[in-house]
Amino acid sequence: MKYIAPSVLAADFGNLQQAVEMLNRSKADWIHVDVMDGVFVPNISFGMPVVKAIQRHAQKPLDVHLMITDPDRYLEDFQSLGADRITVHYEACPHLHRSVQRIRELGCKAGVAINPHTSVQLLENILYEIDLVLIMSVNPGFGGQKFIDHTYQKLQDLQQLIQRTNTSVLIEVDGGVSSQNAAKLSQAGVNAFVAGSFVFKSIDPAHTIANLKQAVAV
Ligand code: DX5
Ligand code: ZN
């Protein structure tokens with residue numbers, strides 16, 4: 001199964017309700033919610049009140065990507081704000097095993113994200129505890145950046161690791177995804193595609209989502 005997860009980070013925050021309603025009507029599978037704290041990443045996006053506003057209008061699962069230090073402090077908050085999936089960063093969690101266990105205890109799907117410089121091999125002892133691996137294909141913090149080509153190598157390495165450990169996780173790619181690389185990423189084994197600027201800066205975002213959905217259906 002392939003999932004399209006448009007990131008509302010690239011939406012017009014003055015018309016967030018409209019953006020979420022467009023996603024409800026579109027072929028999007030999940031709504032990707034990027035929370036940044038200005039510490040783990042050099043940018044601040046939005047926090048709980050905005051996630052709550054998104055949740056109020058959303059009719060699709062919220063895919064919450066926490067780019068924050070020590071996310072354990074807020075897991076319960078995000079669960080109660082309606083997160084279906086919570087993804088934390090490998091680099092931000094000294095006790096990652098505890099963090100992902102907590103996410104699952106709260107009834108959410110657990111994801112682990114890795115930055116471009118982080119090796120997928122470091123996930124070997126956590127894969128069996130999680131539902132999703134998010135491979136950052138740009139450095140986290142901003143939308144609209146250029147896709148890093150080394151991501152394809154990491155996808156290959158991750159697939160080998162999944163096979164070797166006999167685990168089953170979804171693979172999500174986040175950053176610089178567009179119609180240029182979506183089909184190739186899908187062939188490389190990606191299950192979930194985050195797209196911010198490519199969707200929201202297009203003339204007809206719903207149409208762009210439908211095109212992406214078609215492109216990844218291999
Ligand atoms: C980047 C975020 C992404 C971002 C992607 O730190 O995690 O989800 O919204 O934006 P685009 O698709 O514009 O690269
Ligand atoms: Zn993201």
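Side chains are part of it too, since the values below use all heavy atoms of this structure and drop only hydrogens, waters and symmetry mates. Both ligands and their constituent atoms are indexed starting at 1 by order of listing.
- Within the 3.5 Å criterion, the main-chain N or O of Ala183 finds no donor-acceptor partner in the side chain of Ser186.
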Subject >> Asp70 vs Arg73, salt bridge (charged side-chain N to carboxylate O under 4.0 Å, His left out): CA-CA, chis, key distance, verdict >> reply: CA-CA 6 Å; Asp70 197 5; Arg73 291 173 294 169; 3.6 Å; yes
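- Scored by the side-chain hydrogen bond (donor to acceptor under 3.5 Å, both in side chains) test, Asp174 finds His32, His65 as partners (sequence neighbours excluded).
- Considering only non-hydrogen protein atoms, atom 3 (C) of ligand 1 sits nearest to Asp174 OD1, 2.9 Å.
- Ligand-side atoms of ligand 1 in range of Gly143: 10 (O), 13 (O), range being under 4.0 angstrom from any heavy atom.
- Among protein heavy atoms, the minimum distance from atom 6 (O) of ligand 1 is reached at Gly141 N, 2.8 Å.
- Atoms of ligand 1 found under 4.0 Å from any heavy atom of His65, numbered from 1 in the order shown, are 7 (O).
- Scanning the protein heavy atoms around atom 11 (P) of ligand 1, the nearest turns out to be Gly144 N, 3.6 Å.
- For Glu105, the salt bridge (charged side-chain N to carboxylate O under 4.0 Å, His left out) partners two or more places apart in sequence, or in a different chain, are Arg102.
- Listed by number with element, the atoms of ligand 1 under 4.0 angstrom from any heavy atom of Met67 are 6 (O), 7 (O).
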**OP:** Report the C-alpha separation of Thr118 and Glu91 in whole Å, then their side-chain angles, then the decisive distance to 0.1 Å, and conclude whether the side chain to side chain donor-acceptor pair (under 3.5 Å) test is met.
**Re:** CA-CA 8 Å; Thr118 303; Glu91 303 85 1; 2.5 Å; yes
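- At a heavy-atom cutoff of 4.0 Å, ligand 1 is contacted by the backbone of Ala195 but not by its side chain.
- If you look at Phe198 next to ligand 1, there are no close heavy atoms at all, none under 4.0 Å.
- Evaluated for a side chain to side chain contact (heavy atoms under 4.5 Å, CB included) with Ser99, the options Asp72, Leu66, Ile126 yield exactly one hit, Asp72.
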Please tabulate, for side-chain N and O atoms in residues 209-218, each donor-acceptor pair with protein atoms closer than 3.5 Å (sequence neighbours left out).
residue : atom : partner : partner atom : Å
Lys213  : NZ   : Lys2    : O            : 3.3
Lys213  : NZ   : Asp29   : OD1          : 3.0
Lys213  : NZ   : Asp29   : OD2          : 2.9

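- No close placement of the Phe193 and Phe198 rings is indicated, their centers lying 6.0 Å or farther apart.
- Heavy-atom contacts of Pro140 reach the following atoms of ligand 1: 6 (O) (cutoff under 4.0 Å).
- Among protein heavy atoms, atom 1 (C) of ligand 1 sits closest to Phe142 O, 3.6 Å.
- Protein heavy atom nearest atom 12 (O) of ligand 1, with residue, atom name and distance: Gly196 N, 2.7 Å.
- For ligand 1, the atoms lying closer than 4.0 Å to a non-hydrogen atom of Ser197 are 11 (P), 12 (O), 13 (O).
- Ring planes of Trp30 and Tyr3: parallel class, angle under 30° (limits at 30 and 60°).
- Looking at Leu158 and Ile171, their side chains come closer than 4.5 Å, going by heavy atoms from C-beta outward.
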Subject >> Check against side-chain contact (heavy atoms from CB on, under 4.5 Å), Phe147 and Gln180 >> reply: CA-CA 10 Å; Phe147 181 87; Gln180 298 271 319; over 6 Å; no
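- Listed by atom number, the atoms of ligand 1 under 4.0 Å from Met36 heavy atoms are 6 (O).
- The hydrophobic clustering, which links ILVMFWY residues whose side-chain heavy atoms are closer than 4.5 Å, places Leu132 and Leu75 apart.
- Distances below 4.0 Å separate heavy atoms of Gly175 from the following atoms of ligand 1: 14 (O).
- Note on the Zn ion (ligand 2): protein N/O/S atoms under 2.8 Å are His32 NE2, Asp34 OD1, His65 ND1, Asp174 OD2.
- Each of the following atoms of ligand 1 lies closer than 4.0 Å to a heavy atom of Val194: 8 (O).
- The side-chain heavy atoms of Leu122 and Ile114, taken from C-beta on, include no pair separated by under 4.5 Å.
- Atom CD of Glu172 and atom CG of Asp131 lie 12.0 Å apart (nearest 0.5 Å).
- In this structure, atom 14 (O) of ligand 1 lies nearest to the protein heavy atom Gly176 N, 2.8 Å.
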